[in-house]
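Below you'll find the structure, written out as structure tokens, and then a few comments.
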Amino acid sequence: MKLAAAITALVVLAFPTTALAGGWATVEVAAPPAGIGQGDTWRATFVVRQHGLTPLDDARPRLLIDNGRGETRQFFAEHAGRPGTYVADVTFPSNGTWKARVLDGWTDATPHRMAPIEVPTVGVAAVPSAAREPVRVPHVPPVEAAPAGFPVAKAAAIAFMGVVWLGLWIAVSGASLRVPVAMRARRPA
């Protein structure tokens, strides 16, 4: 009976934690056209795939641009009618080098970073033609600093799971904790 209870508890506790672990997505982005300038609109097309395989149709992706001088913009994408494909109309408000990041709209745990985009002054083409091909954006941790403070919720969850596993180990193996003699129940002979 103890074994059945331990296995049932293990199954009940294992599946919710498994469902929450390992959610990630990849994003494939077509680079902006060569010579895009200040005020021009780039129709950014990207594909979001769960675990790099399954196109995600229920994501809410967005593209963020930042020039490092205090100008940032956020562009929300709309579903393009093809599986996992989204489009966003991106406009660069000024010339210079822009960092671009895509939040996949599924986990948003870490943004997918793109190569810096050069927006030249009018009449100067700075983006080579090879950059116009779709580029797979790697899943790279953000450069920004992690939030300060001790992760209390994660530590509590880990401690809780440790206690559960200890309890299951005791139940399955028949091990017992040392209990003082005065607290032991006497069995009838």
Side-chain angles (χ1 to χ4, degrees), residues 16-154 157:
T17 56
T18 304
L20 295 174
W24 58 274
T26 59
V27 180
E28 211 174 280
V29 182
I36 190 164
Q38 175 183 345
D40 293 343
T41 300
W42 163 39
R43 186 138 176 99
T45 304
F46 42 98
V47 179
V48 180
R49 289 190 173 100
Q50 178 182 3
H51 301 131
L53 300 172
T54 309
L56 282 171
D57 287 331
D58 58 348
R60 296 186 185 272
R62 61 192 188 275
L63 188 121
L64 308 168
I65 59 171
D66 178 9
N67 70 354
R69 296 176 302 199
E71 277 186 287
T72 59
R73 298 288 188 272
Q74 177 171 251
F75 303 92
F76 291 91
E78 296 178 6
H79 198 271
R82 292 183 310 251
T85 305
Y86 299 86
V87 293
D89 291 329
V90 179
T91 304
F92 295 95
S94 64
N95 62 342
T97 302
W98 288 84
K99 293 179 186 174
R101 295 173 290 170
V102 178
L103 292 166
D104 54 48
W106 190 52
T107 62
D108 288 344
T110 55
H112 305 271
R113 293 186 290 178
M114 297 175 58
I117 300 168
E118 286 294 326
V119 177
T121 54
V122 179
V124 179
V127 181
S129 60
R132 285 185 246 155
E133 296 299 319
V135 182
R136 180 169 290 268
V137 180
H139 187 70
V140 179
V143 177
E144 294 88 17
F150 185 77
V152 176
K154 289 181 181 177

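Along the sequence shown, residues are numbered consecutively beginning with 1.
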Take a 6.0 Å sphere around CZ of Arg62 and say whether it holds more than 12 heavy atoms from other residues, nucleotides or ligands. yes
Output for pair (Thr26 OG1, Asp104 CG), nearest 0.5 Å, gives 8.5 Å
Between Ala59 and Tyr86, the two heavy atoms sitting closest are N-OH, 3.2 Å
Between the NE2 atom in His51 and the CH2 atom in Trp106, the distance rounded to the nearest 0.5 Å is 4.5 Å
Which of Val102, Leu56, Leu63 passes side-chain contact (heavy atoms from CB on, under 4.5 Å) with Val27? Answer is Val102
**Prompt:** Less than 4.5 Å apart, any side-chain heavy atom of Thr85 and any of Thr45?
**Reply:** yes
(message) Can you tell me if Glu78 has over 12 outside heavy atoms packed within less than 6.0 Å of its CD?
(response) no
What one should report as the nearest heavy-atom pair of His112 and Ala25 is CE1-O, 2.9 Å
Nearest heavy-atom approach of Gly35 to Asp40 is O-OD2, 4.2 Å
With sequence neighbours left out, the residues meeting side chain to side chain donor-acceptor pair (under 3.5 Å) with Glu71 are Asn67, Ser94
Asp57 meets the side chain to side chain donor-acceptor pair (under 3.5 Å) criterion, sequence neighbours left out, with His79
On a heavy-atom basis, the closest approach of Ala88 and Phe76 is CB-O, 3.9 Å
Residues passing the salt bridge (Lys or Arg N to Asp or Glu O under 4.0 Å) test with Arg43, sequence neighbours excluded, are Asp89
d(Met114 CE, Trp98 CH2) to nearest 0.5 Å is 14.0 Å
Correct closest heavy-atom pair for Trp42 and Pro32 would be NE1-CA, 3.4 Å
Heavy-atom closest pair (Thr91 atom, Ile65 atom, distance to 0.1 Å) is O-CD1, 3.9 Å
